A.B. asks: 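So that we are looking at the same thing, I have put the structure below in structure tokens.
Read the numbers this way: they start at 1 and go in the same order the structure lists the ligands and their atoms. It should be emphasised that the depicted structure is a prediction, and the values quoted were computed from it without experimental measurement.
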Amino acid sequence: MAASSTETFLKEAMDMLCLAPKFQKLLMNPLREVKVELPLERDSGELEIYSGYRVQHDTSRGPMKGGLRFHPLVDSSMMKSLASLMTWKCALVDVPFGGAMGGIACDPKALSKNELERLTRTYVVRIAELIGPLKDIPAPDVNTDEKVMAWVMDQYSKIHGYTPPVVTGKPLALQGSQGRKEAAGLAACMVAEEYLATLGRKIEESTFVVQGFGNVGSHSAMCFHEHGGKVIAVTDSSGGVYRGRGLDIPRLVKHKQEKGTVAGFKEGDYMSNDEALAQKCDIFAAAALDGMITGDVAAEMEAKAVLESANAAVTPEADAVLARNGVPVIPDLIASSGGVIVSYYEWVQNLQQLSWSMEQVKEGLTAKIRSAWAKVWNGSKDRKIAMRKAAYIEAINKVVEALELRGLI
Ligand code: GLU
């Protein structure tokens with residue numbers, strides 16, 4: 001489990017910075033951790049109790065922000081790790097938020113739509129005093145989408161009055177933002193483009209393997225494909241598909257929509273997850289779940305670089321193995337930052353009661369990614385350290401500066 005990966009990476013960066021122990025103590029722990037009991041009357045009439053969580057890590061740079069995950073593995077340590085990660089991500093890409101993370105330990109595939117809605121609404125009732133547009137703003141994450149965000153907005157509004165900026169990733173009809181849905185995948189692709197440019201290369205001359213074909217994986221694969229890149233293998237939890245000349249990604253997206261998996265796609269050969277992991281390629285996009293790239297997996301990888309487009313996909317052991325093997329990791333702090341960047345724009349639009357065009361959103365996203373990339377790349381070159389460490393150092397410095405100025409301790 002990658003539950004403590006953020007803490008491990010954070011500690012290493014803090015030690016390198018020789019950060020004063022008082023800041024270390026403060027920032028290694030969340031400022032609030034809440035667990036709620038969620039009774040759900042199943043469609044069958046049976047009562048089940050689920051556990052819900054919201055962890056709020058730091059608020060020195062603004063209200064807290066982070067996803068809402070529905071997954072059987074959701075627990076307190078996972079939430080803590082991801083809430084902390086959000087603090088550093090928001091600081092690196094310079095959006096005025098601290099980190100938070102929430103979730104419900106459940107298997108959403110085993111619940112009907114009505115059950116899921118009731119469960120979501122009960123969760124919102126239980127945490128309604130903790131969230132708010134200037135307190136903590138949830139957003140989509142694994143297994144939650146704009147439909148779930150609409151329920152969150154509606155339930156919170158029933159308690160506090162109409163409040164669109166309490167949650168981001170909403171449907172467009174409920175003051176969601178253009179580009180929010182594709183933001184994470186698009187930004188991962190932009191980061192890959194920046195990285196390749198530093199090597200004097202382009203997406204169109206490069207090959208990609210994409211692990212995970214959910215929101216992030218599918219939108220980044222689409223972007224690689226549209227820029228002329230060859231996506232040679234794609235996997236999801238049911239298997240994978242390979243085509244040396246490059247997969248037709250728009251058709252694969254259609255196949256996934258119809259069948260619920262990439263497996264069985266006729267215009268390519270079956271490929272197992274393990275085979276895909278060991279495929280030679282320029283960039284391996286880890287767009288599945290946290291902790292998927294373990295030390296053992298990393299030892300088998302033949303990619304020239306790993307793009308960590310899912311939060312905490314690479315464990316600290318894997319990170320060390322990849323470093324030893326000379327495989328650069330483009331870390332989640334930047335590679336998975338597109339969602340929260342466009343969430344920020346959605347929040348800004350909601351607060352101002354304005355609506356931006358797709359061009360405005362993309363322009364803003366590009367500017368944030370380029371500026372964060374310059375910090376990560378230059379930091380890594382100047383200090384001769386891994387990109388991940390450079391990203392953490394930049395983020396820690398920003399948070400500590402805010403903390404010191406506010407005098408929170
Ligand atoms: N869950 C996404 C992330 O981990 C989005 C968070 C947000 O938009 O607040 O970055």
A.B. asks: Is the shortest distance from a Lys or Arg side-chain nitrogen in Glu258 or Lys254 to a carboxylate oxygen in the other one below 4.0 Å?
C.D. replies: yes
A.B. asks: For atom 4 (O) of ligand 1, what is the nearest protein heavy atom, given as residue, atom name and distance?
C.D. replies: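 That would be Asn311 ND2, 2.7 Å.
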A.B. asks: Quick one: which ligand 1 atoms are inside 4.0 Å of a heavy atom on Lys65?
C.D. replies: 7 (C), 8 (O), 9 (O)
A.B. asks: Just which atoms of ligand 1 are under 4.0 Å from any heavy atom in Ala139?
C.D. replies: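 Going through ligand 1 atom by atom, the ones under 4.0 Å from Ala139 are 6 (C), 7 (C), 8 (O), 9 (O).
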A.B. asks: Backbone N or O of Val327 within a donor-acceptor pair of the Asn325 side chain at under 3.5 Å?
C.D. replies: no
A.B. asks: Salt bridge between Asp248 and Arg243, side-chain N to carboxylate O under 4.0 Å?
C.D. replies: no
A.B. asks: Answer with yes or no whether Met64 contacts ligand 1, where contact means a heavy atom under 4.0 Å from a ligand atom.
C.D. replies: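 Judged by the 4.0 Å heavy-atom criterion, Met64 does not count as contacting ligand 1.
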A.B. asks: Does even one non-hydrogen atom of Pro140 get within less than 4.0 Å of ligand 1?
C.D. replies: yes
A.B. asks: For Arg406 and Ser60, indicate whether the former's side chain and the latter's backbone hold a donor-acceptor pair under 3.5 Å.
C.D. replies: yes
A.B. asks: For ligand 1, does Leu82 get within less than 4.0 Å through its side chain, its backbone, both, or neither, judged by non-hydrogen atoms?
C.D. replies: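 Neither; nothing of Leu82 gets under 4.0 Å from ligand 1.
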A.B. asks: Backbone N or O of Glu41 within a donor-acceptor pair of the Arg118 side chain at under 3.5 Å?
C.D. replies: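 It does hold such a pair.
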A.B. asks: Can Lys89 be said to touch ligand 1, with heavy atoms closer than 4.0 Å?
C.D. replies: yes
A.B. asks: Side chains of Glu33 and Ser76: is there a donor and an acceptor less than 3.5 Å apart?
C.D. replies: yes
A.B. asks: Report the part of Ser337 in contact with ligand 1, treating N, CA, C, O as backbone and CB onward as side chain, heavy atoms under 4.0 Å; options are side chain, backbone, both, neither.
C.D. replies: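 Within the 4.0 Å criterion, Ser337 makes no contact with ligand 1.
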A.B. asks: Hey, which atoms in ligand 1 end up nearer than 4.0 Å to a heavy atom of Ser343?
C.D. replies: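 That gives atoms 7 (C), 8 (O), 9 (O) of ligand 1.
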A.B. asks: Heavy-atom contacts under 4.0 Å between Met149 and ligand 1: side chain, backbone, both, or neither?
C.D. replies: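 Under 4.0 Å from ligand 1, Met149 contributes no heavy atoms.
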A.B. asks: For the residue pair Lys368 and Ser337, confirm or rule out a side-chain donor-acceptor distance under 3.5 Å.
C.D. replies: no
A.B. asks: Between Glu308 and Ser336, is there a donor-acceptor pair closer than 3.5 Å when you use the side chain of the first and the backbone of the second?
C.D. replies: no
A.B. asks: Which of the atoms of ligand 1 are close to Ser336, meaning less than 4.0 Å from one of its heavy atoms?
C.D. replies: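 Once the distances to Ser336 are compared, the set is 10 (O).
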A.B. asks: Under 4.0 Å from a heavy atom of Gly339: which atoms of ligand 1 are those, numbered in the order shown and with their elements?
C.D. replies: 8 (O)
A.B. asks: Step through it carefully: locate the ring centre of Trp88, locate the ring centre of Phe9, and say whether they are under 6.0 Å apart.
C.D. replies: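 Ring centroids of Trp88 and Phe9 are no less than 6.0 Å from each other.
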A.B. asks: Looking only at protein heavy atoms, which one is nearest to atom 5 (C) of ligand 1, and what is the separation?
C.D. replies: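 Among all protein heavy atoms, the one nearest atom 5 (C) of ligand 1 is Arg180 NH2, 3.6 Å.
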A.B. asks: For ligand 1, which atoms sit closer than 4.0 Å to a heavy atom of Met86?
C.D. replies: 3 (C), 4 (O), 6 (C), 10 (O)
